[in-house]
Amino acid sequence: MTRRPLVIGNASGFYGDRSGALREMLTGGPLDVLTGDYLAELTMLILGRDRLKNPDLGYAKTFLRQLEEGLGLAHERGVRIVANAGGLNPAGLADAVRTLAAKVGVPVRVAHVEGDDLTARVDGALTANAYLGGAGITACLRAGADVVVTGRVTDAALVSGPAAWWFDWAPDDHDRLAGAVTAGHVLECGTQATGGNYSFFARHDIRRPGFPLAEISEDGSAVITKHPGTGGAVTTGTVTAQLLYETQGVRYLGPDVTTRLDTVRLTDEGADRVRVTGVRGEAPPASLKVGVTRIGGWRNEIVFVLTGLDIEAKARLVRTQLTEVLEGVADTTWTLARTDHEDADTQETASALLRLVVRDPSPDRVGRTLTSTAIELALGSYPGFHVTAPPGPAQPYGVFTSILIPSDEVPHTAVLPDGTRVRVPPPEPPASPAPPAEPAALPAPPAFEARGSGGGAPEGVGGAAPAGSGAEPRKTVRAPLGAVAGARSGDKGGDANVGVWVETDPAWQWLLHTLTVAAFQALLPETARHTVDRHVLPHLRALNFTVTGILGDGVASGHRFDPQAKALGEWLRARHLDIPVALLPAPEATS
């Protein structure tokens with residue numbers, strides 16, 4: 001007998017997300033399961049430092065505050081709660097939930113998933129946690145748990161685990177699991193699926209977007225939607241943007257299944273309803289990713305404000321004056337942001353920012369001695385000297401890396417509501433995978449020579465007809481890429497990804513042939529010294545670029561202006577190239 005779809009929602013996309021979302025989702029409409037994603041690479045570092053101060057901590061404390069009211073609401077409505085808020089101490093959080101339940105008088109059965117913590121096995125690690133799959137969550141729900149808290153599982157496991165429980169899927173139901181993983185990837189970042197952080201945000205009212213939910217069917221297909229009357233929007237565009245977020249390649253490797261992103265198809269089913277179908281899955285890899293954080297050293301930062309004329313000369317003077325104190329510092333980065341405008345009518349818009357970031361293994365080299373020396377220049381440096389903040393001490397920074405470990409060496413364990421411990425076996429090892437699907441009969445992209453920074457792409461890039469097509473050159477105009485394309489970007493350790501998509505087939509043919517790796521690097525000169533890989537997702541009309549190493553040691557090291565690459569895609573959209581006039585939106589009529 002076919003079971004009705006599982007209705008599963010999300011109430012948290014990160015540690016610090018909207019605190020009222022759990023109540024909003026429980027009261028906004030029907031749900032079977034409500035998930036919460038609290039963990040990110042930076043979060044693991046934060047929780048690791050919490051655990052150093054107090055071994056009883058290491059979990060997301062905000063989750064408990066949300067449950068003070070949410071437990072009763074979930075119990076009344078028969079909603080199961082699944083969250084990775086356990087962080088580094090899922091057993092401790094499970095105990096805290098039981099204590100809270102007794103305090104508020106709500107009878108709940110609490111289970112947790114552990115075994116991901118491998119810190120003791122990695123020399124010098126602050127934290128080392130394997131990304132587990134959803135099978136432990138499935139086991140807890142099968143045992144009758146009302147609340148399941150986990151440590152480090154993949155974000156999508158919060159959805160694939162409940163789906164496998166609801167439909168009683170087997171570990172080798174790869175296509176179905178891949179469909180659930182795809183839905184989980186869309187839901188995991190909360191309101192990013194409902195219009196938040198969206199290139200075309202002006203099309204919708206996103207002042208307070210609602211959180212997303214999925215209606216997952218037994219065959220693994222799903223409808224992405226949200227509760228009626230909530231803000232934001234669910235469209236093929238918002239879902240596409242989230243599908244492209246922080247993925248690398250057409251194969252999305254996971255501990256439950258390898259999801260073929262090149263098979264995903266989206267269909268608009270009306271207002272705020274997008275159906276996801278066609279997802280194919282393959283056996284998961286035989287290894288698990290382990291995220292490792294370490295204290296990398298000490299950092300400090302000073303931002304000098306340069307106002308009015310002679311900005312470049314003022315910047316050179318400061319750098320020269322600090323040369324001696326910076327000798328011996330392991331890493332020094334100067335950045336001049338020309339935020340100043342000529343003949344500006346406010347002082348702020350007449351000013352540029354000169355940013356100095358220093359990092360070193362020793363706090364002494366980048367501590368108050370350095371910052372105080374900078375402040376001592378106040379009366380003897382460039383005219384108008386001032387900084388954005390007073391001098392401060394050095395702060396520790398973290399480094400994120402990842403390693404692989406055989407799945408059968410990780411003690412994935414479900415601790416059931418009655419305390420029974422169930423070891424979760426790893427999936428069967430994969431057979432040799434088939435090559436990714438490629439678009440058929442595509443002519444080669446036009447070649448061009450990349451040039452240095454400034455001015456966007458070289459003249460002529462974007463206007464050429466596909467090589468060998470015999471078509472006449474099209475009339476073009478110089479315009480930003482964002483006039484026809486959306487983008488979303490993010491981080492994976494030290495790498496960044498940028499997904500780019502368009503909304504029509506003609507625009508897709510143009511994008512596919514125009515936005516080569518060379519064109520991408522010409523548009524974003526900061527990527528030119530890094531390895532860039534391009535991945536084609538034809539059903540989504542999308543390209544996904546991975547920029548290796550541009551974020552250095554990851555978000556926690558904070559050496560870039562945009563350390564998580566969240567705005568890298570918007571910078572790309574702002575760059576100019578030659579775009580066929582026929583692809584540009586028609587100008588709005590004027591009265």
Side-chain angles (χ1 to χ4, degrees), residues 131 133-135 153-161 163-164 167 169-189 193 214 216-224 236 239-267 274-289 404 407 426-442 488 490 492 495 497-502 508 511-512 533-546:
Y131 288 73
V153 297
T154 64
D155 302 339
L158 299 174
V159 172
S160 63
F167 296 113
W169 290 337
D172 61 355
D173 281 329
H174 294 145
D175 289 349
R176 293 170 172 175
L177 286 167
V181 164
T182 302
H185 181 56
V186 175
L187 297 190
E188 69 185 50
C189 287
I216 301 177
S217 296
E218 192 165 11
D219 64 357
S221 65
V223 172
I224 307 299
T236 54
V239 174
T240 296
Q242 181 55 27
L243 282 173
L244 297 174
Y245 183 63
E246 295 182 346
T247 57
Q248 298 171 311
V250 298
R251 280 189 167 87
Y252 189 42
L253 303 179
D256 294 317
V257 66
T258 296
T259 301
R260 290 281 296 269
L261 296 176
D262 56 340
T263 63
V264 179
R265 295 178 183 270
L266 304 180
T267 307
V274 174
R275 183 169 291 279
V276 184
T277 58
V279 187
R280 300 297 301 274
E282 299 167 348
S287 299
L288 292 182
K289 174 182 173 181
L404 296 177
S407 301
E428 292 295 320
S432 298
E438 295 290 345
L442 294 176
R488 178 162 290 167
K492 279 292 183 185
D495 303 340
N497 96 290
V498 183
V500 186
W501 82 95
V502 291
W508 166 237
L511 182 75
L512 178 67
D533 295 309
R534 186 180 92 148
H535 310 283
V536 179
L537 301 170
H539 297 316
L540 299 177
R541 301 192 190 100
L543 302 172
N544 211 348
F545 295 86
T546 302

Reported CG-to-OG1 distance for the pair L261 and T182, which is rounded to 0.5 angstrom: 6.5 Å
Over all atoms of both residues, closest heavy-atom pair of L543 and R534: CD1-NH1, 3.7 Å
Check against side-chain contact (heavy atoms from CB on, under 4.5 Å), V250 and V536: CA-CA 7 Å; V250 298; V536 179; 6.0 Å; no
Rounded distance (nearest 0.5 Å) linking atom OG1 of T247 with atom CG of L537: 7.0 Å
N497 side chain vs Q248 backbone, donor-acceptor pair below 3.5 Å: no
W169 to A163 - nearest heavy-atom pair and separation: CZ3-CB, 3.6 Å
CZ (R541) with more than 12 external heavy atoms under 6.0 Å: yes
Side-chain heavy atoms of V153 within contact of L158, under 4.5 Å: yes
Test item: T154 side-chain N/O and G133 main-chain N/O as donor-acceptor pair under 3.5 Å: no
Min side-chain heavy-atom separation W501-L540 under 4.5 Å: no
S287 side chain to L404 backbone, donor-acceptor under 3.5 Å: no
Derivation of the side-chain contact (heavy atoms from CB on, under 4.5 Å) call for I216 and F167: CA-CA 10 Å; I216 301 177; F167 296 113; 4.1 Å; yes
Minimum-distance pair of heavy atoms, taken over all atoms of A164 and L177: CB-CD2, 4.4 Å
H539 side, atom NE2; L266 side, atom CG - distance, nearest 0.5 Å: 10.5 Å
Considering all heavy atoms, the nearest T236-V274 contact: N-CG2, 3.5 Å
Distance, nearest 0.5 Å, that separates OG1 of T263 from CZ of R280: 7.5 Å
Side chain H185, main chain Q242, donor-acceptor under 3.5 Å: yes
4.5 Å side-chain heavy-atom contact, H535 and T546: yes
Test item: P427 and D256 side chains (from C-beta on) under 4.5 Å apart, heavy atoms: no
CD1 on I224 to CG on L187, rounded to 0.5 Å: 5.0 Å
Distance-minimising heavy-atom pair for Y131 and L288: O-CD2, 3.7 Å
Criterion side-chain contact (heavy atoms from CB on, under 4.5 Å) on V186 and L243, from CA distance to verdict: CA-CA 6 Å; V186 175; L243 282 173; 3.6 Å; yes
Heavy-atom closest contact (S221 atom, R275 atom, distance): OG-NH1, 3.9 Å
Nearest-0.5 Å distance that lies between atom NZ in K492 and atom CD in E246: 5.5 Å
